[in-house]
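Encoded as structure tokens, the structure appears first; notes follow it.
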Amino acid sequence: MMNIDEFRKNAHETVDWVADYFQSIEKYPVKSQVNPGDVFKQLPEKAPEGSEPYSKIINDLDEIIMPGITHWQSPSFFAYFNANNSYPSVLAEMITSAIGAQCMSWQTSPAATELEEMMMKWVANLINLPDGFTGVIQDTASTATLCSILTAREKYSGFNVNDKGISNNMKFRVYCSSEAHSSIDKAVRISGIGSENLIKVGVDDNFALRSEELEELIKKDIKNGFKPLTVIAALGTTGSTAVDPLNEIGKICKKYDIWYHIDAAYAGTALMLPENNYLIEGIGYADTFVFNPHKWMFTNFDCSAYYVKDQEALINTFSILPEYLRTAEGDRVNNYRDWGIALGRRFRALKLWFVLRSFGTDELKNKVSSHTLWAKELGSTINSEENFETLAPVPFATICFRFLPPGIDNIEEINRINNSLMEKLNGTGKLYLTHTKLNEMFTLRFVIGQTYQEKKHIDSAWELIKDTARNYSQ
Ligand SMILES: *Cc1c(COP(=O)(O)O)cnc(C)c1O
């Protein structure tokens, strides 16, 4: 068993391991190249009965585990959306795990609650969130969106569903665009509203929700005895980072008294930049707003900033107070266990504090601004290239594009070639891209924004894409 002296020695070595990892991260294939079962079959069937030396555990980490890791912190990771960490964030996570506090109520670590309160203010201010919102850190945007739907359900049922369950005469409807995130599909199932009552509104040429169509659907539903409960708008869809018309949707929600949630999971970070100020007005209408510092704000997964206007409704939805959780401070403090689904909570505010102070907001803005600039430049480069085209606008730092193999106009064939191009590129280990479908077109997504990425990483990735595609043209 490890004692404190061995812990100290091993810890220093582990920090060196981490620093070496960061320094040599570009030597690994970005996307893990193992096959299903490769890792599993190298592991013993049972836990050891006796203590194993730390050096042996670290050795197996290098030999067995690392080949099966996809390197999300590689500057050549362009897949999905980034789940960035950063040096200060990693250090804060070390301390968080050392403190090991379970931050369910104020009393279980007052500093965790109060730092969280202040960090949510700092972040709201940083992203120019309009006044009137109170923040709480959730694990993920999926959880925050579920919380929002549950709170709407309770508020509009007079807090009755929590007591009596959903009754047949509550014909709730939830609306989002056909490009909205799958976490909404999950949330309507879990909340008892039902997939059939999730109405997907069509999108325009830029993949943004069509607000006139939304209003028509709402009117029709009201006529047929449904209660429009929630509209969920995307500020940056996952497929193409489209921005729904937040202002128009806000007006519709106000007119028909509908709960308004904005999902800005990825793009919320970009609200730091003055160029995105045009979005702020629309956000003012929202009842709830979520974005993930764990995507583009260089803070380790998990850290999702969830903002609400009606704090009472949120707490009334989730608060349960059995005798063993009662504390003397009562209502005079925030007990964050009442602000979401899980009772237990990690001390997530610490890493935000470290990140915001260590970078400073200027550097955070510089980074996001560079990422956005590089993305817009790459978008133009792609469009000026003969055999490539972008398939969506580039409002943030994600480029949707495809290869147009010369002499081929069959969409199935073009899709097949783009899929195979992606597999080939990912197989080189030099970069990692993923895809989506836009208007039935197989679309490659190039997400810029890894914490320590430089322009050269984007340039060499683009050269590799062009070179690899050339083989299909001959
Ligand atoms: C990434 C993403 C989500 C899901 O985020 P999690 O924190 O993983 O739940 C939800 N909505 C949008 C628009 C996203 O891009």
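Read the numbers this way: they start at 1 and go in the same order the structure lists the ligands and their atoms.
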Whether over 12 other heavy atoms sit under 6.0 Å from E196 CD: no
To check your reading of the model: name the closest protein heavy atom to atom 11 (N) of ligand 1, its residue, and the distance in Å. D263 OD2, 2.6 Å
Just need the protein heavy atom nearest to atom 1 (C) of ligand 1, so name the residue and atom and give the distance. K295 NZ, 1.4 Å
Per-atom contacts, ligand 1 versus F81 - under 4.0 Å to a heavy atom: 15 (O)
Would the number of heavy atoms belonging to other residues, nucleotides or ligands and lying under 6.0 Å from NZ of K430 be above 12? no
For atom 9 (O) of ligand 1, which protein heavy atom lies nearest, and how many Å away is it? S142 OG, 2.5 Å
Check whether more than 12 heavy atoms from other residues, nucleotides or ligands sit under 6.0 Å from atom NZ of K219, and answer yes or no. yes
For G236, the atoms of ligand 1 under 4.0 Å from one of its heavy atoms are 13 (C)
At under 4.0 Å between heavy atoms, what of T143 touches ligand 1? The answer is neither
Atoms in ligand 1 flagged as close to H294, the criterion being non-hydrogen separation under 4.0 Å: 7 (O)
Might you work through the side chain to side chain contact (heavy atoms under 4.5 Å, CB included) test for Y452 and F22, ending with a clear yes or no? CA-CA 10 Å; Y452 300 108; F22 284 140; over 6 Å; no
Pair Q73-N85, side chain to side chain contact (heavy atoms under 4.5 Å, CB included): steps then yes or no: CA-CA 7 Å; Q73 308 311 322; N85 66 23; 3.3 Å; yes
Does the N or O separation between A141 and ligand 1 drop below 3.5 Å for any pair? yes
No-hydrogen, no-angle side-chain donor-acceptor test under 3.5 Å, N300 and R348: no
How far is atom 4 (C) of ligand 1 from the closest protein heavy atom, and which atom is that? H181 CE1, 3.4 Å
What atoms of ligand 1 come within less than 4.0 Å of a heavy atom belonging to N292? 5 (O), 6 (P), 7 (O)
P88 vs F298 side-chain heavy atoms within contact, under 4.5 Å: no
Using non-hydrogen atoms of the residue, decide whether A234 is closer than 4.0 angstrom to ligand 1. no
Candidates T237, T140, I184, T238; heavy atom nearest atom 12 (C) of ligand 1 found on T238
Ring center gap for F388 and W462 short of 6.0 angstrom: yes
